[in-house]
Asks: 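The structure's right below; bear with me while I get my questions together.
Everything quoted here is computed from the prediction, not taken from an experiment. Only heavy atoms go into these numbers, but all of them, side chains included; no hydrogens, no water, no symmetry mates.
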Amino acid sequence: MDQPELIVITGPTASGKSALAIDIARAVGTEVISADSRQIYKGIPVVTAMPSPEELAVVKHHLIDMLPLDAYYSAARFEEDALAIAEKLIDRNGSAIVCGGSMMYVDALCNGIDMLPTVPDSIRHDLEKEFEKKGGDWLREKLRLLDPEYYGIVDLCNTKRVFHAIEIILASGKTYTELRTGKKRKRPFRIKKYMTDLPREVLFDRINRRVDIMLENGLEEEARAAYHMRHLNSLNTVGLKEMFAWFEGTMDRDTAIARIKKNTRVYAKKQMTWWARDPEIVKGDPDTLRKLILPDSNA
């Protein structure tokens, strides 16, 4: 690699991107920055498929296992944190690896995110209290009334994104649509983006097997330990929501497991649809991408 660069390895869940990122980082002598919106939290390593202690011993990872479950974090904060780490790694090692499947996080780091106002704690806490009392339908209707244009394009199933748009509107007095510019920011290094891409039937089989492995590794115990905090946004994730539904008696265990697999497959399809719009991303299976990134290496 003759130019300083940020190597982004993304892709749908269970597609082999983490192992590939570790291989590349080890081969080029650098470290990995996680772009996973859930791995940043402590206490849920199984459901987030956090790198194992053995993997972490091979390559250092940043922005994982560092925040309590009730801490607030956003794509804007990720952009700031990840950019600072990337610049240090590139200055020291000549490159840095970013690995993760959180679409907004990857986009924020590569393209920049619009400068939005800081939300006062009072606004966030008041909105959280209302949301807890009135639920997701109320939250979505509030966004429709405040900003019908953004309501028409946002993923309404992504509660975190809907919530964030509303708190920004309340803090700024402007619609979220007005504040979004979509302008791409320049970075002080070259960015190369790769997506681990597998045949759909192979990917879905890997997803199903990963869920089985999570159960063997203690997913149920992890979910029970977090159950009393189930209202937190950090726990509003596939794998935990279904476990919580089982604990509450709204579905049986077998149904919960089947639903985890189904919902994970649905999320993977959303990820693939998102990256299909990016003309700069290079797709391939992990072995093909490894050869593209390291053409002169046997890694």
Side-chain angles (χ1 to χ4, degrees), residues 6 8 10 32-42 48 61-90 96-128 131 139-140 142-143 146-147 149-151 153-189 191 193 232-237 270-271 274-275 277-278 280:
L6 183 71
V8 177
T10 190
V32 174
I33 302 167
S34 170
D36 187 298
S37 64
R38 290 298 182 263
Q39 285 185 359
I40 198 163
Y41 292 102
K42 297 178 179 179
T48 61
H61 285 59
H62 298 265
L63 300 181
I64 65 167
D65 197 30
M66 58 179 284
L67 293 180
L69 290 168
D70 60 352
Y72 175 77
Y73 203 69
S74 66
R77 291 190 183 179
F78 172 79
E79 178 191 3
E80 181 179 352
D81 293 343
L83 187 59
I85 295 168
E87 289 178 342
K88 290 180 181 178
L89 291 177
I90 289 172
I97 312 297
V98 171
C99 178
S102 295
M103 294 89 81
M104 290 294 290
Y105 279 27
V106 172
D107 195 54
L109 180 57
C110 294
N111 302 319
I113 200 165
D114 295 322
M115 297 301 293
L116 301 174
T118 300
V119 178
D121 288 341
S122 58
I123 289 178
R124 177 168 297 127
H125 292 158
D126 287 347
L127 186 59
E128 286 173 346
F131 171 49
L139 194 73
R140 287 183 281 272
K142 188 173 184 69
L143 178 61
L146 292 172
D147 189 349
E149 185 174 348
Y150 188 63
Y151 176 89
I153 62 173
V154 70
D155 177 3
L156 294 173
C157 294
N158 190 325
T159 304
K160 181 178 179 180
R161 199 167 299 170
V162 174
F163 185 98
H164 182 59
I166 293 173
E167 66 178 2
I168 290 295
I169 293 168
L170 297 176
S172 66
K174 298 181 179 180
T175 67
Y176 197 62
T177 300
E178 290 178 88
L179 295 169
R180 295 169 72 236
T181 66
K183 293 180 180 177
K184 187 172 181 179
R185 290 205 187 101
K186 291 184 178 181
R187 298 306 191 200
F189 41 74
I191 298 176
K193 292 183 281 187
L232 296 175
N233 185 66
S234 60
L235 299 178
N236 181 28
T237 189
K270 288 182 179 179
Q271 291 173 302
W274 176 282
W275 287 307
R277 300 175 298 181
D278 188 345
E280 298 177 354

Asks: Given Thr10 and Trp274, is the side-chain contact (heavy atoms from CB on, under 4.5 Å) satisfied, shown in steps?
Replies: CA-CA 11 Å; Thr10 190; Trp274 176 282; over 6 Å; no
Asks: Who passes ring-ring contact (aromatic ring centres under 6.0 Å, His included) against Tyr150, sequence neighbours left out?
Replies: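 Residues passing ring-ring contact (aromatic ring centres under 6.0 Å, His included) with Tyr150: Tyr176.
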Asks: Leu109 vs Leu6, test: side-chain contact (heavy atoms from CB on, under 4.5 Å). Steps then yes/no.
Replies: CA-CA 10 Å; Leu109 180 57; Leu6 183 71; 3.9 Å; yes
Asks: Identify each donor-acceptor pair in which a side-chain atom of residues 100-108 lies under 3.5 Å from a protein atom, sequence neighbours left out, and give them as a table.
Replies:
residue	atom	partner	partner atom	Å
Ser102	OG	Ser37	N	2.8
Ser102	OG	Ser37	OG	3.3
Asp107	OD1	Asn111	ND2	2.5

Asks: Only counting residues at least two apart or in another chain, list the ones meeting salt bridge (Lys or Arg N to Asp or Glu O under 4.0 Å) with Arg124.
Replies: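 Expected list: Glu167.
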Asks: So which heavy atom on Cys110 is nearest to which on Val8, and how close?
Replies: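 Between these two residues, the closest heavy atoms are SG-CG2, 3.8 Å.
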Asks: Run the side-chain hydrogen bond (donor to acceptor under 3.5 Å, both in side chains) test against Asp147 and tell me which residues pass, sequence neighbours left out.
Replies: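 Asp147 satisfies side-chain hydrogen bond (donor to acceptor under 3.5 Å, both in side chains) with Thr177 only.
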Asks: Rounded to the nearest 0.5 Å, what separation is found between the CG atom of Asn158 and the CZ atom of Phe163?
Replies: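 Answer rounded to 0.5 Å: 12.5 Å.
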Asks: Measure the spacing between CZ of Arg161 and NE2 of His164 and express it to the nearest 0.5 Å.
Replies: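 Going from the CZ atom of Arg161 to the NE2 atom of His164 covers 10.0 Å.
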Asks: Taking all atoms of both residues into account, what is the closest heavy-atom pair of Leu170 and Leu146, and its distance?
Replies: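 Nearest heavy atoms, Leu170 then Leu146: CD2-CD1, 4.4 Å.
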Asks: Excluding sequence neighbours, so at least two apart, what forms side-chain hydrogen bond (donor to acceptor under 3.5 Å, both in side chains) with Ser234?
Replies: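 Residues passing side-chain hydrogen bond (donor to acceptor under 3.5 Å, both in side chains) with Ser234: none at all.
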Asks: Go through the steps for Val32 and Ile64 under the test side-chain contact (heavy atoms from CB on, under 4.5 Å), then give the verdict.
Replies: CA-CA 10 Å; Val32 174; Ile64 65 167; over 6 Å; no
Asks: Sequence neighbours excluded, which residues qualify as salt bridge (Lys or Arg N to Asp or Glu O under 4.0 Å) partners of Lys270?
Replies: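 Testing Lys270 for salt bridge (Lys or Arg N to Asp or Glu O under 4.0 Å), a comparison that skips the adjacent residues, returns Asp155.
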Asks: Which residues satisfy the side-chain hydrogen bond (donor to acceptor under 3.5 Å, both in side chains) test with Thr175, sequence neighbours excluded?
Replies: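 Glu178.
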Asks: Do Thr159 and Phe131 have side chains that approach each other closer than 4.5 Å (heavy atoms only, starting at C-beta)?
Replies: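 Yes, at least one pair of side-chain atoms sits under 4.5 Å.
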Asks: Nearest 0.5 Å please: distance from the NZ atom of Lys42 over to the CG atom of Leu67.
Replies: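 Those atoms lie 8.0 Å apart.
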Asks: For Leu156, is there any backbone N or O sitting under 3.5 Å from a side-chain donor or acceptor partner on Tyr151?
Replies: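 Not at all, since once roles are kept as given, no pair shorter than 3.5 Å links the two residues.
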Asks: List in chain and number order the residues that pass salt bridge (Lys or Arg N to Asp or Glu O under 4.0 Å) with Lys193, two or more places apart in sequence or in another chain; answer none if no residue qualifies.
Replies: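 By the salt bridge (Lys or Arg N to Asp or Glu O under 4.0 Å) rule, Lys193 matches Asp278, Glu280.
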Asks: When rounded to the nearest 0.5 angstrom, what distance separates CG in Asn233 from CG in Leu69?
Replies: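 Those atoms lie 11.0 Å apart.
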Asks: Arg187: which residues meet the side-chain hydrogen bond (donor to acceptor under 3.5 Å, both in side chains) condition with it, sequence neighbours left out?
Replies: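 Testing Arg187 for side-chain hydrogen bond (donor to acceptor under 3.5 Å, both in side chains), a comparison that skips the adjacent residues, returns Glu79.
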Asks: Let me see the working for Ile40 and Phe78 under side-chain contact (heavy atoms from CB on, under 4.5 Å), right down to the final yes or no.
Replies: CA-CA 10 Å; Ile40 198 163; Phe78 172 79; 5.8 Å; no
Asks: For Pro188, which residues count as a side chain to side chain contact (heavy atoms under 4.5 Å, CB included) partner, sequence neighbours excluded?
Replies: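 Testing Pro188 for side chain to side chain contact (heavy atoms under 4.5 Å, CB included), a comparison that skips the adjacent residues, returns Glu87.
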Asks: Can you name the salt bridge (Lys or Arg N to Asp or Glu O under 4.0 Å) partners of Arg140, sequence neighbours left out?
Replies: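 If we apply the salt bridge (Lys or Arg N to Asp or Glu O under 4.0 Å) test to Arg140, skipping adjacent residues, the hits are Asp137.
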Asks: Considering non-hydrogen atoms only, spot the tightest contact between Leu143 and Ile166 and give its length.
Replies: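 In this case the closest contact between Leu143 and Ile166 is N-CD1, 3.8 Å.
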Asks: Who passes side chain to side chain contact (heavy atoms under 4.5 Å, CB included) against Asp70, sequence neighbours left out?
Replies: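 Here the qualifying residues are Pro68, Leu232.
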